[in-house]
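Contents: one structure, followed by commentary.
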Amino acid sequence: DQQVKQNSPSLSVQEGRISILNCDYTNSMFDYFLWYKKYPAEGPTFLISISSIKDKNEDGRFTVFLNKSAKHLSLHIVPSQPGDSAVYFCAARPGTASKLTFGTGTRLQVTL
Amino acid sequence: GAGVSQTPSNKVTEKGKYVELRCDPISGHTALYWYRQSLGQGPEFLIYFQGTGAADDSGLPNDRFFAVRPEGSVSTLKIQRTERGDSAVYLCASSPGTEAKNIQYFGAGTRLSVL
């Protein structure tokens, strides 16, 4: 039972354009959401997060949008840079537990 | 300061053997987590510690898996009678506390290969 889903295994975007990565969840108890970025042979690195009381959080080139009614969140990267090429994981946690539930990841490739 | 350190970075073992994987969290972090990532999947939760005690071990797949954190800092994940299906990257994370605002910081992982 995949509670956090990333339906696009890969995405290719040109440098300078916008990258949009999507994530859906099924557990209505989730109230905190995070995006992690992972390079090969490294651990996941925290990127940005959002609480369920908000619908948008922005940090530099990265913006996360949350649509609670649709149980959907997205990560926007603009402008995309070659160094953004990595696997991006969406993760979620309920207020009552510390463990994170991850999606299967989306591999982003930013081309020149 | 230093990040989360995991040793060894790679471990190759034979089916049926016992292995120990070590995690050294960020200094001062009270919460420590173990996850397992299989090929093509996201990390899956195994267990987490708040201080020395296991606060949630609901992700451990069976009783061959055990973890300890005796002094509230370094943790060891122990796997008995390893099986080929145990092959994965084992990730450790730590955080200053367990509230949602406390981000989990991950180590580079230990890649376990069971032959």
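Throughout, a chain's letter reflects where its sequence line sits, starting with A, and its residues are numbered from 1.
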CG-CD distance between B:Leu91 and A:Glu42, expressed to the nearest 0.5 angstrom: 12.0 Å
Interchain contact, B:Ser9 with chain A, by part (heavy-atom threshold 4.5 Å): neither
More than 12 heavy atoms from other groups under 6.0 Å of CZ on B:Arg64: yes
Residue-level contacts of residues 32-51 of chain B with chain A, using a heavy-atom cutoff under 4.5 Å: B:Tyr33, B:Tyr35, B:Gln37, B:Gly40, B:Gln41, B:Gly42, B:Pro43, B:Phe45, B:Tyr48
Members sharing A:Ile48's hydrophobic cluster (side chains within less than 4.5 Å): A:Val4, A:Leu11, A:Val13, A:Leu21, A:Tyr25, A:Phe30, A:Phe33, A:Trp35, A:Leu47, A:Ile50, A:Phe62, A:Val64, A:Leu66, A:Leu73, A:Leu75, A:Ile77, A:Tyr88, A:Leu108, A:Val110
Max heavy-atom pair count under 4.5 Å with chain B, selected residue of A:Gln2, A:Arg107, A:Lys99, A:Gln6: A:Lys99
Exceeds 12 heavy-atom contacts within 6.0 angstrom, atom CZ of B:Phe65: yes
Members of residues 104-115 of chain B whose heavy atoms come closer than 4.5 Å to chain A: B:Gln104, B:Phe106, B:Gly107, B:Ala108
Crowding at CZ, A:Arg61 (>12 non-hydrogen neighbours, <6.0 Å): yes
Any residue meeting side chain to side chain contact (heavy atoms under 4.5 Å, CB included) with A:Phe46, in chain and number order, not counting sequence neighbours: A:Leu34, A:Tyr36, A:Ser49, B:Ile103
Top contributor to chain B interface from A:Thr101, A:Leu100, A:Asp31, A:Val87 [non-hydrogen pairs under 4.5 Å]: A:Leu100
Leading residue by heavy atom contact count with chain B [cutoff under 4.5 Å; candidates A:Ala41, A:Pro44, A:Gly105]: A:Pro44
